[in-house]
Amino acid sequence: MAAPITKSRLPRLGPSDWLMLAEALAALTLASLAIAVLPFRRVAAAASAPVRSAAPADARIIRRVRSAVRAWSRRVPWKTVCFQRGLALHWMLRRRGIGSVLLYGARREGDGLAAHVWVDVEGETVIGGEEAPSFACLARFPPDAA
């Protein structure tokens, strides 16, 4: 388990950083609940919602969103895996107009299958990329993404 957050361990955060962290916690919570209680087709539909207003992929914003999601994923009292992290990040980026793509893949593992989720923006993997090359992509959300 990660070390608890204490005032002495926190960098100086501004109001926009705290809002980003609050949004990341909400997104990670909603992603976890959605995955736990909704049928996959409903989660897929939520991941395929169109971007309202397209914005250029700003590397700084992408890093901030990814950092906020990763920070909470290590600290929430429930287990988060690539699916929850990827879905939360995907929602947060698309809310900002950044056209991310959530990718769902699988590979053989022993007698069964292992699944993995990763997120790309303009062909670059933003989260989940360490393991992604060993998985065959089965689905993309939104599906029409190039």
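Positions are given from 1 along the sequence. Note that these values count all heavy atoms, side chains included, but never hydrogens, waters or copies made by symmetry.
- In this structure, I62 and A57 approach most closely via the heavy-atom pair CD1-CB, 4.1 Å.
- Legend: residues meeting salt bridge (Lys or Arg N to Asp or Glu O under 4.0 Å) with R94, ordered by chain and number and at least two apart, are absent.
- Partners of D58 according to the side chain to side chain donor-acceptor pair (under 3.5 Å) rule, which considers only residues two or more places apart in sequence or in another chain, do not exist here.
- The distance from the CZ atom of F135 to the SG atom of C82 is 7.0 Å, given to the nearest 0.5 Å.
- V101 and V51 are members of different hydrophobic clusters when ILVMFWY side chains are connected at heavy-atom separations under 4.5 Å.
- The minimum heavy-atom distance linking S100 with H90 is given by the pair OG-ND1, 2.7 Å.
- To the nearest 0.5 Å, the span separating CD on E130 from NE2 on H116 amounts to 7.0 Å.
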Name every donor-acceptor pair, under 3.5 Å, that has one atom in a side chain of residues 117-129 and the other anywhere in the protein, sequence neighbours excluded.
{"unit_1": "D120", "atom_1": "OD1", "unit_2": "T125", "atom_2": "OG1", "d": "2.8"}

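- When all heavy atoms of R85 and V69 are compared, the pair lying nearest together is O-CG1, 3.7 Å.
- Between L89 and R70, the closest side-chain pair of non-hydrogen atoms is not below 4.5 Å.
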Donor-acceptor contacts, no H, no angles, side chain residues 34-50, under 3.5 Å, sequence neighbours left out:
{"unit_1": "S48", "atom_1": "OG", "unit_2": "A44", "atom_2": "O", "d": "2.9"}

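- Not counting sequence neighbours, the partners of A31 by the side-chain contact (heavy atoms from CB on, under 4.5 Å) test are L87, A88, W91.
- Side-chain N or O atoms of S134 include one that pairs as donor or acceptor with a backbone N or O of E131 at under 3.5 Å.
- Residues C137 and L103 come closest through the heavy atom pair SG-CD2, 3.6 Å.
- Follow the hydrophobic side-chain contacts under 4.5 Å out from V65 and you reach L30 in the same cluster.
- With sequence neighbours excluded, no residue satisfies side chain to side chain donor-acceptor pair (under 3.5 Å) with T80.
- Residues satisfying the side-chain contact (heavy atoms from CB on, under 4.5 Å) criterion with A59, sequence neighbours excluded, are R63.
- For the salt bridge (charged side-chain N to carboxylate O under 4.0 Å, His left out) condition, the pairs that include at least one residue of residues 109-119, sequence neighbours left out, are R107-E109.
- Annotation: side chain to side chain donor-acceptor pair (under 3.5 Å) contacts of R95 (sequence neighbours excluded): E23.
- A search for side-chain contact (heavy atoms from CB on, under 4.5 Å) contacts involving T29 returns L25, L33, W78, not counting sequence neighbours.
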